[in-house]
Amino acid sequence: MCGIVGIVGTSPVNQAIYDGLTVLQHRGQDAAGIITIENNTFSLRKANGLVKDVFHTRHMKRLQGTIGIGHVRYPTAGSSSSSEAQPFYVNSPFGIALAHNGNLTNAEALKQQLFCEARRHVNTTSDSEILLNVLAHEFSKPNKLKLDPEDIFNGITEVINKVQGGYATIAMVIGHGIVAFRDPNGIRPLVFGKRETAHGTEYMFASESVALKTDGFEFVRDVAPGEAIYVTEAGEFFSQTCADKASYSPCIFEFVYFARPDSNIDRMSVYATRVNMGTKLGEKIAREWADKDIDVVIPIPETSCDVALEIARVLDLPYRQGFVKNRYIGRTFIMPGQEMRKKSVRQKLNAIDREFKGKNVLLVDDSIVRGTTSAQIVEMARESGAKNVYFASAAPEIRFPNVYGIDMPSAAELIAHGREVEDINTSIGADGLIFQSLPDLIAAVSQENPEITRFETSVFDGQYITGGIDQDYLNRIEQLRNDSAKSSRESAMSSGLELHNQEENGSD
């Protein structure tokens with residue numbers, strides 16, 4: 001999962017992009033990058049680390065220009081080398097830079113096609129670089145010194161016809177402007193807004209609406225599935241649907257876990273969907289666990305807090321904050337290596353003993369992925385004196401890997417893969433375990449926008465809406481994503497990264 005920002009402004013955009021990336025930091029803590037255009041020249045800064053650590057005053061002074069794009073990243077199947085950080089750019093044609101959130105499921109085929117048909121070489125393992133080169137190849141076909149909007153949209157149409165998967169993309173073309181487009185299923189989110197200045201209208205694109213608000217842009221709408229929007233350097237606005245068949249199937253896990261609660265995605269309040277999840281799950285607990293003498297509802301911070309508060313209301317039980325979260329520890333299920341995850345949970349959370357001692361507690365989390373975190377949290381509750389520990393998940397059982405840009409581990413590393421609820425409960429050591437049902441989850445989210453009835457739910461049901469995902473493909477991504485493969489990649493590049501960081505610190 002990544003976060004992207006793009007701005008066509010009337011004054012320097014570097015600070016606004018920085019601020020937008022900062023509020024999208026939850027979407028990726030591995031690397032960050034900003035690229036701007038001034039005097040028909042790219043200025044780029046990208047490196048591993050958080051936004052506040054990657055960009056210093058000397059970098060911001062270099063990133064001049066009234067048009068730019070930015071990216072925050074965490075890796076999926078690729079490495080976490082700084083060479084994989086975005087944005088990427090190519091010099092021909094015109095000079096094109098690109099930032100991308102999602103995953104291309106036919107990346108290898110595209111890579112071969114690029115070499116055979118366009119003699120284009122892809123230098124990293126990032127599918128974003130592949131997408132950039134596909135786009136560049138299409139924009140070179142008119143063989144013109146200046147593309148008009150029709151050329152832009154024809155190129156995007158060809159890209160959408162060739163590319164498979166889930167993607168939200170912002171590209172920047174020297175001498176032209178910014179083009180933003182979204183996959184035909186609308187799997188990955190993308191919004192845009194505008195603000196009026198004394199010198200004209202400015203436009204901003206971002207993964208979540210909260211970034212627009214932070215930068216003082218008025219939210220206009222979501223980019224529609226299969227739609228491309230082109231804004232020239234002069235602020236001229238053009239849009240067109242570039243997919244033959246386009247319909248909404250947004251990723252439901254955005255609402256469960258990834259997106260900020262103060263964001264709106266596809267006209268759905270993330271906060272409201274989580275409250276609805278709590279209502280549905282609370283009603284299920286009331287039906288199925290009437291015999292359990294629960295004393296208190298405690299969330300596992302912080303995505304699940306809104307869900308847990310609503311569960312407590314439905315069950316007419318006290319709601320307590322029983323865990324204190326260290327906000328400087330990253331998200332655990334995307335951390336490489338089981339030992340790192342185990343260590344991180346204890347660093348991330350600390351229990352308040354008085355809220356557990358002698359009580360039957362209901363712990364609420366947004367989801368259970370590997371089960372590593374859940375098992376340790378149950379253990380922490382017992383160590384703090386809980387009499388019985390019950391566990392509720394706001395999401396259904398995660399049984400299948402994600403192929404559209406979320407770094408869900410390989411199937412074998414998912415605790416629910418091939419297991420029933422009773423087995424999962426035994427594994428995490430709880431006295432009872434209950435999951436939200438998939439129909440209830442869909443109902444909770446779609447309640448905020450009844451026009452959307454279909455969601456990307458493959459991690460729960462194994463149904464991949466783009467098609468073309470067979471067992472051979474899943475086997476390949478398992479080899480790339482399992483803990484052993486990630487550890488090998490990290491070890492192989494550690495010395496190189498150390499040298500690179502030394503060079504960066506010495507020369508920037």
Side-chain angles (χ1 to χ4, degrees), residues 1-38 42-74 85-87 97-101 168-172 177-178 180 189-223 229 231 233 235 258-265 270-271 327-328 330 508:
M1 188 63 61
C2 301
I4 56 177
V5 170
I7 300 177
V8 177
T10 58
S11 59
V13 296
N14 51 0
Q15 187 63 53
I17 294 174
Y18 177 98
D19 294 341
L21 293 180
T22 299
V23 298
L24 295 178
Q25 188 76 82
H26 60 286
R27 301 186 68 87
Q29 301 92 45
D30 182 72
I34 294 175
I35 189 167
T36 59
I37 297 174
E38 185 181 40
F42 285 134
S43 295
L44 171 66
R45 166 63 179 172
K46 61 179 181 177
N48 281 0
L50 301 176
V51 174
K52 67 180 181 64
D53 298 320
V54 169
F55 303 103
H56 302 148
T57 301
R58 63 185 184 276
H59 306 126
M60 299 298 283
K61 286 181 177 178
R62 256 197 304 117
L63 294 167
Q64 295 300 309
T66 60
I67 178 171
I69 59 179
H71 187 270
V72 287
R73 171 188 188 264
Y74 85 76
Q86 297 184 45
L98 178 144
H100 156 240
N101 170 34
T169 307
I170 303 173
M172 185 168 62
I178 276 182
L190 188 61
V191 301
F192 77 94
K194 66 180 182 179
R195 67 182 178 188
E196 302 297 334
T197 73
H199 302 288
T201 304
E202 299 181 316
Y203 290 91
M204 179 175 179
F205 299 88
S207 293
E208 295 184 33
S209 61
V210 65
L212 304 181
K213 190 173 183 179
T214 295
D215 278 337
F217 282 76
E218 174 192 356
F219 172 81
V220 175
R221 61 177 174 85
D222 300 270
V223 177
I229 295 177
V231 181
E233 290 178 323
F258 272 106
R260 278 179 49 148
D262 47 347
S263 284
N264 288 275
I265 296 175
V270 175
Y271 169 78
R327 300 179 186 277
Y328 302 97
D508 266 356

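FYI, side chains are in, hydrogens and waters are out, and symmetry mates aren't considered; it's all heavy atoms of this structure. Nothing here was measured: the structure is a model prediction, and the numbers come from that model.
From R27, atom CZ reaches atom CZ of F258 across 7.5 Å, with rounding to the nearest 0.5 Å. With rounding to the nearest 0.5 Å, the separation of CG in D215 from OG1 in T22 is 9.0 Å. The line from CD1 of I17 to CE of M60 is 8.5 Å long, rounded to the nearest 0.5 Å. One distance of note links CD1 of I35 with CD1 of I67; it measures 11.0 Å at 0.5 Å rounding. Between S209 atom OG and R260 atom CZ the span is 9.5 Å, to the nearest 0.5 Å. With rounding to the nearest 0.5 Å, the separation of CG in L63 from CD1 in I37 is 12.5 Å.
Without hydrogens or angle criteria, N101 side chain to C2 main chain gives a donor-acceptor distance under 3.5 Å. Proximity of a side-chain donor or acceptor of T36 to a complementary backbone N or O of G68 within less than 3.5 Å is not detected.
Heavy-atom minimum distance, I4 versus T169: CD1-N, 4.1 Å. Across all their heavy atoms, E202 and T10 have their closest contact at OE2-N, 2.7 Å. The two atoms that bring Y18 and V51 nearest to each other are CE1-CG1, 3.5 Å, heavy atoms only. Minimum interatomic distance between Y74 and Q29 (heavy atoms only, all atoms of both residues): CB-N, 4.4 Å. The shortest heavy-atom contact between A99 and Q86 is CA-OE1, 3.3 Å. For V191 against L212, the heavy-atom pair with the smallest separation is CG2-CD1, 3.8 Å.
By the 4.5 Å heavy-atom criterion applied to side chains, D30 and N48 are counted as neighbours. Residues K61 and R58 form no side-chain contact, since every pair of their non-hydrogen atoms from C-beta on lies 4.5 Å or further apart. Residues V23 and Q25 fail the side-chain proximity criterion, which asks for heavy atoms closer than 4.5 Å. Residues V270 and I265 meet the side-chain proximity criterion, which asks for heavy atoms closer than 4.5 Å. I229 has its side chain out of reach of Y203: every pair of non-hydrogen atoms, C-beta onward, lies at least 4.5 Å apart. Within the 4.5 Å cutoff, side-chain heavy atoms of M204 are placed close to those of V5. Contact of the F55 side chain with the I34 side chain is registered, since non-hydrogen atoms from C-beta on lie closer than 4.5 Å.
Remark: Y271 OH is loosely packed, at most 12 non-hydrogen atoms of other residues, nucleotides or ligands lying under 6.0 Å away.
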* Worked check of side chain to side chain contact (heavy atoms under 4.5 Å, CB included) between L24 and H26 -> CA-CA 5 Å; L24 295 178; H26 60 286; 4.2 Å; yes
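R73 and H71 are not linked by any side-chain donor-acceptor pair at a separation below 3.5 angstrom, with hydrogens and angles left out of the test.
In this view, H199 satisfies the ring-ring contact (aromatic ring centres under 6.0 Å, His included) rule with no residue, not counting sequence neighbours.
A tilted orientation is assigned to the rings of F192 and F205, their planes being inclined by 30° to 60°.
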